[in-house]
2 protein chains.
Amino acid sequence: MDQLAAKPSHTPAPTLKENLRKTREEHARETAQDYVEMIAELIASQGEARVIDMARRLGVTHVTVIRTIQRLQREGLVTTQPYRSIFLTAEGRRLAKESRHRHEVVVAFLESLGVSAAVSQSDAEGIEHHVSRETLAAFVRHLEKKGGA
Amino acid sequence: MDQLAAKPSHTPAPTLKENLRKTREEHARETAQDYVEMIAELIASQGEARVIDMARRLGVTHVTVIRTIQRLQREGLVTTQPYRSIFLTAEGRRLAKESRHRHEVVVAFLESLGVSAAVSQSDAEGIEHHVSRETLAAFVRHLEKKGGA
DNA sequence: TCGATTCTGTAGCACTGGCTACATTATGCA
DNA sequence: TGCATAATGTAGCCAGTGCTACAGAATCGA
Ligand SMILES: [Mn+2]
Ligand SMILES: [Mn+2]
Ligand SMILES: [Mn+2]
Ligand SMILES: [Mn+2]
């Protein structure tokens, strides 16, 4: 009830307010994305995802990891039992796959613009969480155009 | 002391850990960037930046704005007096100018890839805060190549 | 001019995600 | 096999950023 009353039909044009709200929501989700992505990688490479390995790779203490894992469990992305390693739910695996793909596209896209590998990796870590479906598609188009194949 | 010991000379290759730490730091700064950018816009268009206008545009309550402004004042980006409007310090103006420029480049860049204006605005609101100097330069190069002029 | 309304500010709550200090459980090796 | 070490977990602190409820100051129009 704080919209410009009458004006349906064509899309109502997103306001700055709505864009900022969306960005805040993305921030709330990005920890989840980085975590499930890393859990999937650890399971693939080490056979299991342990709190201590995540803490070392994330650069935070194990306490922070434990509390975040508890939240992700509450949200249905992972499962754990006391003193056991971490597993992904079906939804967690889905999100991990999607996040990894987007991450790779963003890195490849930045590199295709001539950005160094190191900076591409670094910037992608933040940018990835704010790339919509439409923008991701545009990145892929750009890569296909340049990449040949 | 958790680096690969011996291997100086050329840059030590940033670890995932360091990239994530950098992303966290960027998040701590992005509120400041969006605020000073908006304060500059309000001063330019309305003659002054008031709490209530910022709250409406940001989509948060005035309480949140007041507390954030207090922090920005502590950090030397703005000045205020009780019941008076908000001013930028020299450093605040510098940051506002830089943020606005980067915001505009990011939006223009996304649009140049064929992303719709609405989505470009929305994605840029988050992406802008993770675009390094080097990536920004790559965006500008890409725009100059396509844009002609 | 003065009273209603609007604006600014404070108190106190929730949640996230950092941390240290300490407790408990598992693990691995002598 | 047992004990030192490593890993996991809990308690409680902090800062940031949301919120509602309420208090105080400023403004505007009748
Ligand atoms: Mn990331
Ligand atoms: Mn972000
Ligand atoms: Mn902006
Ligand atoms: Mn922004």
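Scope of the values below: all heavy atoms of this structure, side chains included, with no hydrogens, waters or symmetry mates.
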inquiry  = Less than 4.0 angstrom between a side-chain N/O of Thr61(B) and OP1 or OP2 of dT20(D), yes or no?
reply    = no
inquiry  = Please compare Pro82(B) and Ser85(A) by the position of their nearest nucleotide in DNA chain D and report the one closer to 5'.
reply    = Ser85(A)
ask   = Crowded around Arg71(B) CZ? As in, over 12 foreign heavy atoms under 6.0 Å?
value = yes
request  = Would you classify Arg74(A) as touching base, sugar-phosphate or nothing, given that sugar-phosphate means primed atoms plus P, OP1 and OP2, and contacts are heavy atoms under 4.0 Å?
outcome  = sugar-phosphate
message = Are the side chains of Leu20(B) and Glu125(A) in contact, using a 4.5 Å heavy-atom criterion?
response = yes
remark   = Between CD1 of Ile69(A) and C1' of dA7(D) the distance, given in whole Å, is 15 Å
ask   = Between Glu75(A) and Arg56(B), which is nearer to the 5' end of DNA chain C once each is assigned its nearest nucleotide?
value = Arg56(B)
query = Could you go step by step and tell me if Val60(A) and Arg24(B) meet the side chain to side chain contact (heavy atoms under 4.5 Å, CB included) rule?
reply = CA-CA 11 Å; Val60(A) 298; Arg24(B) 285 195 297 266; 3.7 Å; yes
ask   = Which nucleotide in the list dG18(D), dG12(D), dT8(D) gets nearest to the side chain of Ile66(A)?
value = dT8(D)
ask   = Between His27(A) and His27(B), what is the ring plane arrangement, given parallel below 30°, perpendicular above 60°, and tilted in between?
value = tilted
message = Short of 4.0 Å, heavy atom to strand atom, which residues of residues 25-52 of chain A count as contacting DNA chain D?
response = Arg50(A), Val51(A), Ile52(A)
query = Quick one: Arg67(A) CZ to dT10(D) C1', roughly how many Å, whole number?
reply = 11 Å
request  = I would like to know whether Glu91(B) and Arg94(B) meet salt bridge (charged side-chain N to carboxylate O under 4.0 Å, His left out); could you show each step before the answer?
outcome  = CA-CA 5 Å; Glu91(B) 172 62 14; Arg94(B) 207 221 88 245; 2.6 Å; yes
message = Mind checking if Arg84(B) touches a base, just sugar-phosphate, or nothing, with heavy atoms under 4.0 Å?
response = nothing
task = Check step by step if salt bridge (charged side-chain N to carboxylate O under 4.0 Å, His left out) holds for Glu25(B) and Arg21(B).
result = CA-CA 6 Å; Glu25(B) 282 173 6; Arg21(B) 184 191 48 69; 2.7 Å; yes
ask   = Where does the chain B footprint on DNA chain C start and end, counting 5' to 3' with a 4.0 Å heavy-atom cut-off?
value = dC7(C) to dG18(C)
inquiry  = Any side-chain to backbone donor/acceptor pair from Glu104(B) onto His101(B)? Under 3.5 Å, distance only.
reply    = no
Close side-chain approach of Leu113(A) and Thr135(B), heavy atoms under 4.5 Å = no
ask   = In whole Å, what is the span from the NZ atom of Lys17(A) to the P atom of dG18(D)?
value = 14 Å
Side chains of Leu95(B) and Leu88(B) in contact at under 4.5 Å (non-hydrogen atoms) = no
